[in-house]
> 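After the structure tokens below, expect a handful of questions from me.
Just so it is clear, the structure is predicted and the values come from calculations on it, not from any experiment.
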Amino acid sequence: LAGAFVLLSFTYSHKSVRFKEIPVLDCLNSAAIYTVPGLIAYSLFAPLSSLPLAIFFVILPYMGVQAMTTLVDEAVDRQAGMTTIGVVFKKRLTTVFVIVLFAIGAYALRQYTILLSIFLISIFSAIIFLVSRGNDEKYFSFALSVVLLSFGMVAMLYFILQANAV
């Protein structure tokens with residue numbers, strides 16, 4: 001798993017591969033990077049084979065988190081000629097993409113109350129972002145912060161707690 005983490009991190013931004021500039025694949029690559037530490041934490045207490053398959057749907061919201069973060073640098077990335085998801089999909093489509101990913105994840109993991117709650121909070125935050133007008137940095141910062149904090153860190157804790165329960 002540690003090797004996978006290093007390989008995924010390398011392929012994300014190294015100039016020879018640069019998955020960072022391939023829309024959707026950048027999100028999948030980043031989501032895998034975000035998921036590996038949780039899997040490592042889980043594997044310290046239990047075999048990965050004991051994880052229910054549905055838990056791997058957690059990668060979809062992580063893809064959404066990555067897509068949201070590309071919007072922060074959208075103007076700079078566009079100016080630099082990069083093709084991130086934020087540049088290609090723009091604000092509205094990227095946000096809809098994020099909401100869809102979180103909704104699929106929420107449905108797939110509906111039996112896990114903690115994760116479902118996190119998904120719903122994140123979806124609500126993305127909707128706030130979507131309906132905010134123009135470039136209102138206050139709404140953008142609020143929505144992005146809630147999405148990242150409500151999902152990223154708590155999902156990692158969930159992996160650890162689930163491992164201790166096995």
> Just by distance, with hydrogens left out, do T11 and N29 show a side-chain donor and acceptor under 3.5 Å apart?
yes
> Answer yes if V65 and F57 sit in the same cluster of Ile, Leu, Val, Met, Phe, Trp and Tyr residues linked by side chain heavy atoms under 4.5 Å apart, and no otherwise.
yes
> May I ask you to decide if the ring planes of Y34 and Y62 are parallel, tilted or perpendicular, using 30° and 60° as cut-offs?
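The rings of Y34 and Y62 sit tilted, inter-plane angle from 30° to 60°.
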> Using 0.5 Å steps for rounding, measure from the CE atom of M68 to the CE atom of M63.
15.0 Å
> Looking only at atom types and distance, does a side-chain atom of D26 sit under 3.5 Å from a main-chain N or O of V24, one as donor and one as acceptor?
yes
> Quick check: closest heavy atoms across T70 and G86, and the distance to 0.1 Å?
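Distance-wise, the nearest heavy atoms are OG1-N, 3.1 Å.
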> For L53, look at atom CG and say whether over 12 heavy atoms of other residues, nucleotides or ligands are found less than 6.0 Å away.
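No.
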> Mind checking what makes ring-ring contact (aromatic ring centres under 6.0 Å, His included) contact with F56, not counting sequence neighbours?
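Per chain and number, F56 pairs via ring-ring contact (aromatic ring centres under 6.0 Å, His included) with no residue.
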> Do L48 and L51 make a side-chain contact, defined as non-hydrogen atoms from C-beta onward lying under 4.5 Å apart?
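When only atoms from C-beta onward are counted, L51 and L48 do touch, with a gap below 4.5 Å.
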> Spell out, yes or no, whether L1 and Y12 are grouped together once hydrophobic residues are joined by side-chain heavy atoms under 4.5 Å, including indirect joins.
yes
> Can you give me the closest heavy-atom contact between I85 and C27, atom names plus distance?
CD1-SG, 3.9 Å
> Taking side chain to side chain donor-acceptor pair (under 3.5 Å) as the definition, give me every residue that meets it alongside S30, ordered by chain and number, with sequence neighbours left out.
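For S30 the side chain to side chain donor-acceptor pair (under 3.5 Å) partners, ignoring immediate neighbours, are Q66.
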> May I ask you to test the L28-I59 pair for a side-chain heavy-atom distance under 4.5 Å?
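They are in contact (side-chain heavy atoms under 4.5 Å apart), so the answer is yes.
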> Which heavy atom of M82 sits nearest a heavy atom of E21, and at what distance?
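Looking at all heavy atoms of both residues, the closest pair is CA-OE1, 3.5 Å.
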> Quick check: do F5 and T35 have side-chain heavy atoms less than 4.5 Å from each other?
no
> Looking only at heavy atoms, what is the nearest atom pair of S13 and R18, with distance?
O-NH1, 3.0 Å
> Treat each ILVMFWY residue as a node, draw an edge where side-chain heavy atoms are under 4.5 Å apart, and state whether I22 and V87 are in one component.
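Not linked; separate clusters.
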> Side-chain heavy atoms under 4.5 angstrom apart, residues restricted to Ile, Leu, Val, Met, Phe, Trp, Tyr: same cluster for V76 and L71?
no
> Does L7 belong to the same Ile/Leu/Val/Met/Phe/Trp/Tyr cluster as V36, with side-chain heavy atoms less than 4.5 Å apart forming each link?
no
